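We count ligands from 1, going down the list as the structure has it; atoms in each ligand are counted the same way. Because the structure is a prediction, the values reported are computed rather than measured.
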Amino acid sequence: MSPTYSEESRELAFQEAIDSDRTVEPRDWMPERYRSTMIRQIAQHAHSEIIGMQPEGNWITRAPSLRRKAILLAKVQDEAGHGLYLYAAAETLGVERRELTDLLIAGRQKYSSIFNYPTLTWADVGAIGWLVDGAAITNQLALTKTSYGPYARAMVRICREESFHQRQGFELLAELSRGTKAQHEMAQDAVNRWWWPSLMMFGPPDTESPNTAQSMAWKIKRVSNDDLRQRFVDMTVPQAQALRLELPDPDLRWNEARGHFDFGPIDWEEFRQVVGGHGPCNQQRISVRRAADEEGAWVREAARAWEGRQQSRTSAA
Ligand code: BYC
């Protein structure tokens with residue numbers, strides 16, 4: 001159905017507000033497509049934080065020292081917190097966390113491709129912190145300026161916490177890289193496996209990204225997928241040199257004319273497979289999430305019963 005005259009003028013006024021950098025707040029009028037795009041992105045982001053607890057969480061019991069265990073516990077707990085801020089931001093758009101969790105478990109909403117890869121060794125915890133959190137911060141720093149107020153504000157806090165996460169990953173890998181030959185090899189192997197999937201986190205190339213043009217016009221996205229990917233590569237290459245680890249790309253070299261590092265072709269077929277549910281760990285991630293939801297049902301029920309009792313006490317008083 002084409003928009004009515006008043007809808008059209010409202011859309012124009014909305015776009016003008018966006019163009020003059022006003023943030024959109026929950027009670028403001030917004031086009032239905034803006035609302036659904038925002039819900040899609042925030043939900044995907046929230047699910048990524050919660051599913052992202054699994055690959056690292058698997059190493060909590062096997063951390064090599066008490067110090068490392070405490071750091072990893074705190075990091076995984078932070079991810080749970082990020083998921084909660086994000087589900088709360090989505091709720092301001094009129095969608096319940098329960099609904100979003102059901103869509104995730106039913107495979108009808110996405111989460112980041114990166115969390116469908118396994119964590120095979122302890123060095124993977126370092127590679128996730130350094131590369132995956134590094135990629136996440138690059139993307140999320142741009143999102144602190146996104147047009148939807150509650151999402152932008154959640155990003156500010158999340159970015160502060162993510163930068164600790166990135167540094168702990170760097171520090172962990174630095175220690176392994178400077179350690180024994182076997183430790184250095186383990187760090188290198190983890191970087192070899194996480195590098196390309198980290199570049200895929202930024203999404204398909206701009207020319208093949210169906211959502212970028214509209215999301216840029218609404219200032220949901222401030223920087224395109226390819227530009228963010230380039231920013232991440234430029235930031236990470238000198239860090240790899242400092243770590244004395246190689247990035248597994250023979251085409252990676254400084255391009256004086258562009259003022260950026262060139263890098264080799266990304267295997268987009270692998271990305272499509274992983275996003276389409278055929279990555280190494282997709283089934284495991286969803287079945288663990290489903291089991292956690294089922295096993296936690298009694299806690300939610302007890303909380304609701306307690307809340308109901310408190311309410312009836314208050315109204316009786
Ligand atoms: N994985 O038109 P496009 C973290 C989908 S977690 C899966 O470019 P858009 C952390 C995309 O959804 C960090 N799917 O889309 C946690 C779209 O599908 P639909 C998570 C992907 O939305 C624990 C289709 O492909 N960060 O920090 O304009 C431990 C076409 O793409 C991916 C966020 O979620 C992908 N990588 O741009 C450590 C950031 N890429 O829905 C760390 C927020 C694309 O049309 N999200 N797709 O069927 C965004 O910034 C944007 O949504 C994206 C994609 C840049 C990811």
Any side-chain to backbone donor/acceptor pair from Thr101 onto Arg97? Under 3.5 Å, distance only.
yes
Taking only non-hydrogen atoms of Gln140, do any sit less than 4.0 angstrom from ligand 1?
yes
Sub-3.5 Å donor-acceptor pair from the side chain of Lys69 to the main-chain atoms of Ile60, do we have one?
yes
Below 4.0 angstrom, counting only protein heavy atoms, does anything approach atom 53 (C) of ligand 1?
no
Identify whether the distance between the nearest side-chain nitrogen and carboxylate oxygen of Glu294 and Arg290 falls below 4.0 Å.
no
Heavy atom under 4.0 Å from ligand 1: found in Ile114's side chain, backbone, both, or neither?
neither
What protein heavy atom lies closest to atom 42 (C) of ligand 1? Include the residue and the distance to one decimal.
Asp133 OD1, 3.6 Å
Within the 4.0 Å heavy-atom cut-off, what Phe271 brings close to ligand 1 is side chain
Checking the side chain of Trp196 only, and the main-chain atoms of Pro248 only, is there a donor and an acceptor separated by less than 3.5 Å?
yes
Sidechain-backbone polar pair: Asn225 side chain, Pro204 backbone, donor-acceptor under 3.5 Å:
yes
Under 3.5 Å between any N/O of Ser113 and any N/O of ligand 1: does that happen in this structure?
yes
Which donor-acceptor pairs under 3.5 Å do side chains of residues 102-110 form with protein atoms, sequence neighbours excluded?
| from | atom 1 | to | atom 2 | distance (Å) |
| --- | --- | --- | --- | --- |
| Asp102 | OD1 | Arg98 | NE | 3.3 |
| Asp102 | OD1 | Arg98 | NH2 | 2.6 |
| Gln109 | OE1 | His47 | NE2 | 2.8 |

What protein heavy atom lies closest to atom 45 (O) of ligand 1? Include the residue and the distance to one decimal.
Asn211 ND2, 3.2 Å
If you have a sec, work out which protein heavy atom is nearest atom 10 (C) of ligand 1 and how many Å separate them, to one decimal?
Phe115 CZ, 3.5 Å
Determine whether Asn116 and Arg285 make a side-chain contact, defined as any pair of heavy atoms from C-beta on separated by less than 4.5 Å.
yes
Identify which of Ser48, Pro210, Ala136 has a heavy atom lying nearest to atom 30 (C) of ligand 1.
Pro210
Using distance alone, decide if ligand 1 has a nitrogen or oxygen within less than 3.5 Å of any nitrogen or oxygen in Val132.
no
Within the distance-only criterion (no hydrogens, no angle test), does the side chain of Gln188 pair as donor or acceptor with the backbone N or O of Glu246 below 3.5 angstrom?
yes
Strictly below 4.0 Å, N to O, side chains only: are Asp133 and Lys75 in salt-bridge contact?
yes
Of all the atoms in ligand 1, which lie at a distance below 4.0 Å from a heavy atom belonging to Met200?
36 (N)
If you measure every N or O of Lys221 against every N or O of ligand 1, does any of those distances drop under 3.5 Å?
yes
Those atoms of ligand 1 less than 4.0 Å from some heavy atom in Glu56
29 (C)
Can you tell me which portion of His82 lies within the under-4.0 Å heavy-atom range of ligand 1? Options are side chain, backbone, both, or neither.
neither
Ionic contact status for Asp293 with Arg300, cut-off 4.0 Å
yes
Please identify which atoms of ligand 1 are closer than 4.0 Å to at least one heavy atom of Tyr111.
1 (N), 7 (C)
Not counting sequence neighbours, list each pair that qualifies as a salt bridge (charged side-chain N to carboxylate O under 4.0 Å, His left out) and has a residue in residues 250-265.
Arg258-Asp262
If you scan protein heavy atoms around atom 29 (C) of ligand 1, the nearest is Glu79 OE2, 3.3 Å
Within the side chain of Arg231, is there an N or O that forms a donor-acceptor pair under 3.5 Å with the backbone of Thr138?
no
Proximal ligand 1 atoms for Gly203, defined as those under 4.0 Å from one of its heavy atoms:
40 (N), 44 (C)
How does Val274 reach ligand 1, if at all, at less than 4.0 Å between non-hydrogen atoms: by side chain, backbone, both, or neither?
neither
Gln230 and side chain to side chain donor-acceptor pair (under 3.5 Å): which single residue from Asp234, Asp227, Asp226 fits?
Asp234
Part of Phe202 within contact of ligand 1 (heavy atoms, under 4.0 Å)
backbone
Is it the case that ligand 1 has an N or O less than 3.5 angstrom from some N or O of Tyr151?
no
In the protein, which heavy atom is nearest to atom 39 (C) of ligand 1, and how far is it?
Asn139 OD1, 3.4 Å
For atom 48 (O) of ligand 1, what's the nearest protein heavy atom and its distance?
Lys110 NZ, 2.5 Å
Regarding Arg309 and the six-membered ring of Trp306, is the cationic atom NZ or CZ under 6.0 Å from the ring centre and inside 45° of its axis?
no
Taking both backbone and side-chain atoms of Ser209, is any N or O found less than 3.5 Å from an N or O belonging to ligand 1?
yes
Quick note on ligand 1: atoms under 4.0 Å from a heavy atom of Met201 include exactly 36 (N)
Exam field: side chain Ser112 to backbone Ser48, donor-acceptor pair closer than 3.5 Å
no
Close approach, Met53 and ligand 1, non-hydrogen under 4.0 angstrom
no
Could you find the nearest protein heavy atom to atom 12 (O) of ligand 1 and give me its residue, atom name and distance?
Gln44 OE1, 2.6 Å
Would you name the heavy atoms of Trp29 and Phe14 that are closest together and state the gap between them?
O-CD1, 3.6 Å
What protein heavy atom lies closest to atom 25 (O) of ligand 1? Include the residue and the distance to one decimal.
Pro204 CD, 4.4 Å
Compare Arg229, Lys75, Arg222, Gln41 and give the one whose heavy atom is closest to atom 51 (C) of ligand 1.
Gln41
